[in-house]
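Since the structure comes first, as structure tokens, the remarks are kept for the end.
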There are 2 protein chains.
Amino acid sequence: MKARDTFKQLPHKTIERLSQYRRALLICLENNKDHIFSHEIAKIQHITPVQVRRDLMLIGYSGTLRKGYNIQELIDLIADIIDSDEGINVAIVGMGNLGRALINYFSGKRHKLSIVAGFDINPDKIGKKVNGISCYDSKSMGEIIKEKNIEIGIITTPSSHSMTTANQLVEAGIKGILNYTPKPVNVPDGVYLEEYDMITTLEKVAFYVKMENERAADSVVTRQDQGTAASDF
Amino acid sequence: MKARDTFKQLPHKTIERLSQYRRALLICLENNKDHIFSHEIAKIQHITPVQVRRDLMLIGYSGTLRKGYNIQELIDLIADIIDSDEGINVAIVGMGNLGRALINYFSGKRHKLSIVAGFDINPDKIGKKVNGISCYDSKSMGEIIKEKNIEIGIITTPSSHSMTTANQLVEAGIKGILNYTPKPVNVPDGVYLEEYDMITTLEKVAFYVKMENERAADSVVTRQDQGTAASDF
DNA sequence: TTTGCATTGTTATTAAATTAACAATGTTTA
DNA sequence: TAAACATTGTTAATTTAATAACAATGCAAA
């Protein structure tokens with residue numbers, strides 16, 4: 001088994017964290033740091049130092065005692081693992097606010113992962129550029145995707161169009177889809193699909209805020225009860 | 001222990017799925033469906049029917065044999081669990097593309113969770129409205145948040161401003177923060193924080209696409225090897 | 001030199017999440 | 001009526017993820 005193959009068995013959560021570590025490390029590098037301890041990374045990511053060390057163990061990286069991890073080395077290793085050597089091209093379908101946000105957000109951030117095209121059905125948007133990325137007619141999705149060797153499609157259309165968009169992308173031979181609409185799509189086996197819905201995250205935050213509010217309210221009641229009980233004596 | 005209290009112990013993943021189930025159910029309701037089977041929900045969410053049934057068991061909802069679950073009843077129960085009776089108000093800080101996308105995305109979708117204000121430091125944006133939501137000067141965050149009883153803040157500023165924004169929100173007494181910038185923030189205990197970074201999700205998709213590409217390439221090699229081996233006989 | 005200390009790397013343990021297994025049930029069909 | 005079937009609800013088993021525990025290391029200070 002090749003060394004590279006061991007990476008195929010990395011836990012999904014570790015993959016996510018590696019991406020996050022790298023981003024934190026890049027910021028540290030900008031600040032002229034050259035080494036970092038596991039507890040520093042942990043603090044940034046709100047996790048435990050053990051978790052960090054365990055992840056780094058899994059990818060076979062060793063730091064030095066008393067100095068910690070070499071930031072540049074670690075960035076390079078993470079790139080080896082999660083980036084594709086040849087680079088991967090990405091398209092955004094739906095050039096509304098969210099699509100444009102992603103382009104602005106992302107452009108120039110990664111060498112090996114580039115947004116290279118946008119698509120929309122709105123004639124006002126077709127032919128225009130956003131941050132250097134051309135917007136094409138969705139009708140030409142098939143050709144452009146093949147022509148530009150695009151392997152990943154991000155769906156940021158209105159949710160009413162999510163399924164037809166996914167079908168178009170699959171038809172065009174896309175390998176991975178990231179669906180940002182709140183309406184889940186279906187894709188055949190062999191196409192990697194990630195659904196991400198911003199409403200879910202917000203509702204989750206709301207739930208835990210509600211829980212905390214109720215907990216706080218209950219503990220007031222409890223204190224009052226205790227007071228009453230005490231006055232019974 | 002009150003019935004409500006059992007909900008506090010629901011697994012985090014179940015909370016997320018309940019939010020997703022509800023959204024799927026609302027769509028089904030629009031299509032004039034009144035009952036749904038566990039395997040139908042499962043198909044929509046790309047999970048197993050057992051997972052669905054287990055989640056519903058945890059919230060104490062029973063369906064009927066041969067008819068499945070009553071959609072309206074289930075929607076109401078999920079609302080009971082994850083929504084706050086009084087409703088929760090939300091502010092968006094950073095009225096760029098992402099902030100506007102969230103407002104358009106969300107407005108009018110939930111009764112009990114409302115985006116009621118936006119903030120920005122750009123004078124061109126202050127005083128304008130997006131989809132009925134006013135944009136205020138970030139300087140007045142403290143007052144507005146108290147005045148409008150805002151409990152959750154969503155950070156959609158440039159990442160360079162994420163930490164100062166989080167500090168302002170905490171200072172104003174916010175209970176929950178959802179950070180969409182790629183730069184993690186720190187908040188004191190008692191403030192619920194969710195970090196969501198769109199780059200991580202995209203890099204994850206890219207990783208699994210890369211893995212699949214390599215697997216496909218390897219299997220071609222293997223088939224060739226087999227061919228060679230066969231020709232040795 | 002030697003003791004103390006902070007840190008890494010790794011194994012063991014625990015906790016969380018998912019999946020499997022299957023009894024119970026009521027509907028439909030023979 | 002009885003057999004077959006599809007579905008729910010729940011416990012048991014498994015898998016995945018996180019945490020704890022601790023030996024090893026080597027620098028710094030006494």
Please set out all donor-acceptor pairs under 3.5 angstrom arising from side-chain atoms of residues 186-194 of chain B, sequence neighbours excluded.
from	atom 1	to	atom 2	distance (Å)
Tyr192(B)	OH	Glu194(B)	OE1	2.8
Glu194(B)	OE2	Lys204(A)	NZ	3.4

(request) Please state whether the rings of Tyr180(A) and Tyr196(A) are parallel, tilted or perpendicular, taking 30° and 60° as the class boundaries. (result) perpendicular

(request) Rounded to the nearest angstrom, tell me the gap between atom NE2 in His39(B) and atom P in dG9(D). (result) 14 Å

(request) Quickly, which of Leu77(A), Ile78(A), Asp83(A) forms a side-chain contact (heavy atoms from CB on, under 4.5 Å) with Ile81(A)? Name it, please. (result) Leu77(A)

(message) Could you tell me how far apart Glu40(B) (CD) and dT7(D) (C1') are, to the nearest whole angstrom?
(response) 12 Å

(message) Looking at dT7(D), I'd like to know if its phosphate oxygens (OP1 or OP2) sit under 4.0 Å from a side-chain N or O belonging to Ser38(B).
(response) no

(request) To the nearest Å, give me how far apart CD1 (Ile59(B)) and P (dT10(D)) are. (result) 13 Å

(request) State, to 0.1 Å, how close Val185(B) and Glu195(B) come at their nearest heavy-atom pair, and which atoms those are. (result) N-OE2, 3.0 Å

(message) For Ile71(B) versus Cys28(B), what's the shortest heavy-atom pair and its separation?
(response) CD1-CB, 3.8 Å

(request) Locate the shortest heavy-atom distance separating Met141(B) from Leu169(B); write the atom from each residue and the value. (result) SD-CD2, 3.8 Å

(message) In whole Å, I'd like the distance from the CE atom of Met57(B) to the C1' atom of dT7(D).
(response) 16 Å

(message) Measuring to OP1 and OP2 of dT7(D), would you say a side-chain N or O of Thr64(B) lies under 4.0 angstrom away?
(response) no

(request) Write down the distance between OH (Tyr61(B)) and P (dT8(D)), rounded to a whole number of angstrom. (result) 11 Å

(request) Calculate the interatomic distance between Asn70(A) atom CG and dT8(C) atom C1'; express it in whole Å. (result) 15 Å

(message) One character per nucleotide, please: for nucleotides 17-30 of chain C, 5' to 3', B when the base has a protein heavy atom closer than 4.0 Å, S when only the sugar-phosphate does, - otherwise.
(response) SSBB----BBS---

